[in-house]
Amino acid sequence: MANIQIEIQGSDAIAATEDLLQTPGISGNWTPANEDVQREGILVTIATIIAIATGTLTIAEKIYDWYQKARKSKPSPTVQKAMLIGRNGNRILLENATVEQIRQILDAE
C-alpha cells in the first residue's frame with residue numbers, strides 16, 4: 001500500500017513541511033523535489049505520511065489548520081500551494097479543500 005504524500009510549494013516550503021510533520025498524530029518524512037520541479041526560486045518539497053496515529057478526521061482537521069496557518073503567515077505566505085496525494089493517486093489542492101474532502105483522500109484505499 002502506498003503512503004499519502006503532500007507536495008508543498010513556497011519560499012519556506014522546508015520549514016512548512018517540517019512544521020506539518022511535527023503535528024501530533026502524523027509520522028513521516030520529506031525530501032526536496034527534483035530540480036525540474038523548482039520554479040522561479042520557489043522551493044518544492046514532498047512530504048510522505050507513513051503513519052497516522054489518530055483518526056483520519058482528526059488528522060484532516062490538523063492538515064487543514066496547518067495549511068490555513070501557513071497561508072496566513074508573515075507578510076507573505078510561506079506556502080503558495082499544497083497538494084494532498086492519496087494512496088489511490090487521487091489529488092486535491094488544499095487551497096479550497098474542506099476538512100471532509102481531506103478526510104476522504106486520507107481514507108481512500
Side-chain angles (χ1 to χ4, degrees):
M1 179 182 297
N3 296 313
I4 297 166
Q5 294 185 327
I6 300 180
E7 179 182 303
I8 301 167
Q9 297 179 16
S11 57
D12 290 333
I14 292 173
T17 304
E18 289 175 346
D19 184 45
L20 171 65
L21 293 177
Q22 291 177 7
T23 302
I26 296 177
S27 176
N29 53 53
W30 69 272
T31 59
N34 65 34
E35 293 179 20
D36 296 340
V37 180
Q38 295 181 15
R39 297 174 204 97
E40 300 173 16
I42 296 176
L43 183 60
V44 180
T45 61
I46 305 290
T48 302
I49 298 174
I50 298 169
I52 297 175
T54 59
T56 55
L57 178 58
T58 301
I59 296 303
E61 290 170 344
K62 289 180 180 185
I63 290 172
Y64 178 86
D65 291 343
W66 162 82
Y67 183 74
Q68 296 304 314
K69 176 184 161 191
R71 289 288 296 163
K72 294 177 179 155
S73 65
K74 301 181 184 181
S76 63
T78 59
V79 172
Q80 279 73 41
K81 179 179 171 185
M83 180 185 326
L84 183 64
I85 306 164
R87 290 179 184 98
N88 62 359
N90 286 349
R91 299 166 184 257
I92 188 169
L93 288 173
L94 295 181
E95 184 173 6
N96 295 315
T98 65
V99 171
E100 179 60 24
Q101 290 170 322
I102 295 168
R103 186 196 61 76
Q104 288 173 357
I105 296 291
L106 295 174
D107 281 341
E109 295 292 330

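All figures in this text were calculated on a predicted structure; none of them were measured in a lab.
- Screening residues 89-100 for salt bridge (Lys or Arg N to Asp or Glu O under 4.0 Å), with sequence neighbours left out, gives E100-R103.
- The cluster map of Ile, Leu, Val, Met, Phe, Trp and Tyr, joined by side-chain heavy atoms under 4.5 Å apart, puts W66 and L57 in the same cluster.
- Rounding to the nearest 0.5 Å places CG of N29 at 11.5 Å from CD1 of I46.
- Between A13 and Q9, the closest heavy-atom pair is CB-C, 4.4 Å.
- Hydrophobic clustering (ILVMFWY, side-chain heavy atoms < 4.5 Å, transitive): L20 and I14 are in one cluster.
- In this structure, the separation between CG on L21 and OG1 on T48 is 8.5 Å, given to the nearest 0.5 Å.
- With sequence neighbours left out, the salt bridge (Lys or Arg N to Asp or Glu O under 4.0 Å) criterion links K69 to D19.
- In summary, the side chains of E7 and Q5 do not present any donor paired with an acceptor at a separation below 3.5 Å, with no hydrogens or angles considered.
- The CG atom of D107 sits 11.5 Å away from the CD1 atom of I59 when rounded to the nearest 0.5 Å.
- Among residues two or more places apart in sequence or in another chain, the side chain to side chain contact (heavy atoms under 4.5 Å, CB included) test is passed with I105 by L84, N90, I92.
- If you take OG1 on T45 and CD1 on I8, they are separated by 4.0 Å, rounding to the nearest 0.5 Å.
- Interatomic distance, I6 CD1 to W30 CH2, rounded to the nearest 0.5 Å: 14.0 Å.
- Using a 4.5 Å cut-off between side-chain heavy atoms of Ile, Leu, Val, Met, Phe, Trp and Tyr, with links allowed through other members, I85 and V44 fall into different hydrophobic clusters.
- Here T56 contributes atom OG1 and I102 contributes atom CD1; the two are 11.5 Å apart, rounded to the nearest 0.5 Å.
- Partner of I63 under the side-chain contact (heavy atoms from CB on, under 4.5 Å) criterion, chosen from T23, I26, V99, T58: I26.
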